[in-house]
Number of protein chains: 2
Amino acid sequence: MRTGLTIGDFSRITHLSVKMLRRYHEAGLLEPAEVDPSSGYRYYTTAQVPTAQVIHRFRELGMPVREIGRILSTPDPEARALLVAEHLRRVELQLESTRSAVATLRRLLVPTGTPVEVDLRTRPPTRAVAIGATVVRDQVVAWYDEAMTELDATLAAAGLEPSGPHGGLYDDTLFTDGHGHALVYIPVHVPASAGGRVRTVTLPAAELAVTVHHGPHDDIDVTYGVLGTYIAEQAITVSGPVHEIYVVGPRDTPDASAWRTEIGWPVFRTWAGQPSASGAAREADPVGPSEGWPRPSARG
Amino acid sequence: MRTGLTIGDFSRITHLSVKMLRRYHEAGLLEPAEVDPSSGYRYYTTAQVPTAQVIHRFRELGMPVREIGRILSTPDPEARALLVAEHLRRVELQLESTRSAVATLRRLLVPTGTPVEVDLRTRPPTRAVAIGATVVRDQVVAWYDEAMTELDATLAAAGLEPSGPHGGLYDDTLFTDGHGHALVYIPVHVPASAGGRVRTVTLPAAELAVTVHHGPHDDIDVTYGVLGTYIAEQAITVSGPVHEIYVVGPRDTPDASAWRTEIGWPVFRTWAGQPSASGAAREADPVGPSEGWPRPSARG
DNA sequence: GTTGACCCTTCCCCCGGAGGAGACACCACC
DNA sequence: GGTGGTGTCTCCTCCGGGGGAAGGGTCAAC
């Protein structure tokens, strides 16, 4: 055991490929017990086998190499367990979403000629407490949960009751570019004292093409497709962020199949047509830093 | 609708990013309905929305782009459904393996001081029907299932009974390089008439360090680690392919926790020590094209 | 001492993406 | 008919986690 195990021996024992062992060395995940300074040969010891096994499992679970490094270099077992638990939670979430993607796919492949029900409707100006931020697409759900919790707390602290269902406005660049501005809100009658990220805003009036999505949000894209198809075929010009209203949502019932989500697509801008569009009104612009609504783009 | 939807419009409708739409075009997955020859602008139609949705789901399920292409270009709906079902089966398998990787990880992180039980044992020369092939590591399980089924069928056709539990020999390059030769066998007393890939071979006698793995094979690596550690610490020289014997396996009970797998690591070669090692004996070399056993490599 | 297996580094490829740069196209508005 | 602001084009680089090959040094069994 003087020189320890060569990389090949260690590979046979741990079932990690030689290539990966070298990579893990480079990345600082699994330092060989000894490296011959002249030849560069890596020598491992049997004591490193369990570490290698752990690395192997983490990689199997899709954990990025650098995160494994962070975990392995966390001395405090408590903190380490936390990091691990957090990732396992992420894995569970991913399992769930894979499961539902399978279900959605099955549904897509057996197309049911669902009749499209699209309303053209005017959204009145709506007073609401809101949180807005620029977010990345795959973090939008987590961000939504967090923001909505904060809004709930704000309302509770102020002793206010919502005057309608929760909702959100989403910049379309979220979908075209993968990141954009989003705003979630709870409608209220009286303004709340804004604290922190929470602002009191007025959603501007808008003409919306609205349809209702039933069930969990995993396949809400399909409903978006239906709505978008309708809009395009009606040759309506689209403009501005999309509006989602969680008529029945996770806050109402845990039974996802009972959820109802209204999707509203602004079909022409009412914003710039308002008096003093660029003055006081812009002050209340709920979507944030953008310069008013983007101009229409559909060529229908 | 003369010119159709621009890539941006289509992106908003389908929630696929512009970038990905271009990529899918390039890959032939989603050909725009029209491409302006002078400007190169892509124009889509609403009829393409469902296709885009399907592509989205397939990607969510981790299906490689070229496989999606194959599916979409398969005209026969039956054949297409088959391809889809096959991939969904793979996804299910992967879900399962993820689940068990989580379990294994949990076990690894709460290390139990399991006592190591390793036997040094001589494997007698064993007559068997076998199938050998050079395989890639992540296909070895599927290959095993298929080959073992063929062996079962061969024995049934010949009216022969196994004289012991199924087993396999696995080149260690499978682990160090990710691919190598593997051989699965069923021991028999009398030679069967070899048909197709099935050969009748004699596993050579060998000195093995043997330990038993309990439970499903997902965490068999851990037992390999224990065995390898033992061998390394005993300063025993390792040589030749590893030997697995499925004492209790999926063919005996579906209850994976009841499985027992013997892992045998040859600790020095008996092969080259045999008379006429390179002549008739090599003829029966069960592991195939390699030039006899590799020489010992552990430097313990 | 020879020799074959082993190990080293470096470079390139693959896949599925993300992002940017620079140039051109489109179209609403004036 | 201009013109400016977006939208879109292509091409390039980079990333992570791998696989493979080339070319040369090392080790130890014989």
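Chain letters run A, B, ... following the sequence lines, proteins first, then strands; residues in each count from 1.
Rounded to whole angstrom, the span from the CD atom of B/Glu60 across to the P atom of C/dG16 amounts to 16 Å. Atoms NE2 (A/His56) and P (D/dG17) sit 14 Å apart, rounded to a whole Å. The interatomic distance linking B/Asp172 (CG) with C/dA5 (P) rounds to 13 Å, in whole Å. In this structure, B/Tyr44 places its OH atom 17 Å from P of D/dG7, rounding to the nearest Å. Whole-Å rounding puts the B/Asp36 CG to D/dG7 P distance at 19 Å. At whole-Å resolution of the value, CG in B/Leu16 and P in C/dG16 are 15 Å apart. Look at CG on B/Asp9: it is 10 Å from C1' on D/dG7, rounded to the nearest Å. Rounded to whole Å, atom P of C/dC7 lies 13 Å from atom CZ of A/Phe10.
Among C/dC26, D/dG19, C/dG17, the nucleotide with an atom closest to any side-chain atom of B/Tyr43 is C/dC26. The side chain of B/Arg66 sits closest to C/dC15 out of D/dG17, C/dG16, C/dC15.
Looking at B/Arg23, its side chain comes within 3.5 Å of the base of C/dG17 through a donor and an acceptor atom. A donor N or O paired with an acceptor N or O is found under 3.5 Å between the base of C/dC6 and the side-chain atoms of A/Tyr41. In the interface, the side chain of A/Lys19 is not paired with the base of D/dG17 through any donor and acceptor atom under 3.5 Å apart.
In B/Arg90, the CZ atom is crowded: over 12 heavy atoms of neighbouring residues, nucleotides or ligands sit closer than 6.0 Å. Atom CD of A/Glu31 sits in a crowded spot, with more than 12 heavy atoms from other residues, nucleotides or ligands closer than 6.0 Å.
Mapping B/Asp177 and B/Ser39 onto DNA chain D via the closest heavy atom, the residue that lands nearer the 5' end is B/Ser39. Residue order along DNA chain D, read from the 5' end via each residue's closest nucleotide, puts B/Arg22 first among A/Ser38 and B/Arg22. Both A/Val18 and A/His179 lie close to DNA chain C; mapped to their nearest nucleotides by heavy-atom distance, the more 5′-ward contact belongs to A/Val18.
Electrostatic pairing of A/Arg59 and A/Glu67 does not count as a salt bridge here, judged by no charged N lying under 4.0 Å from a carboxylate O. Between B/Asp221 and A/Arg57 a salt bridge is recorded (basic side-chain N to carboxylate O distance below 4.0 Å).
The structure places CD1 of B/Ile7 at 11.0 Å from OH of B/Tyr41, a figure rounded to the nearest 0.5 Å.
Applying the 4.0 Å criterion to OP1 and OP2 of C/dC8, one finds that A/Arg42 has a side-chain N or O inside that range. A close approach under 4.0 Å does occur between a side-chain nitrogen or oxygen of A/Thr6 and OP1 or OP2 of C/dC7.
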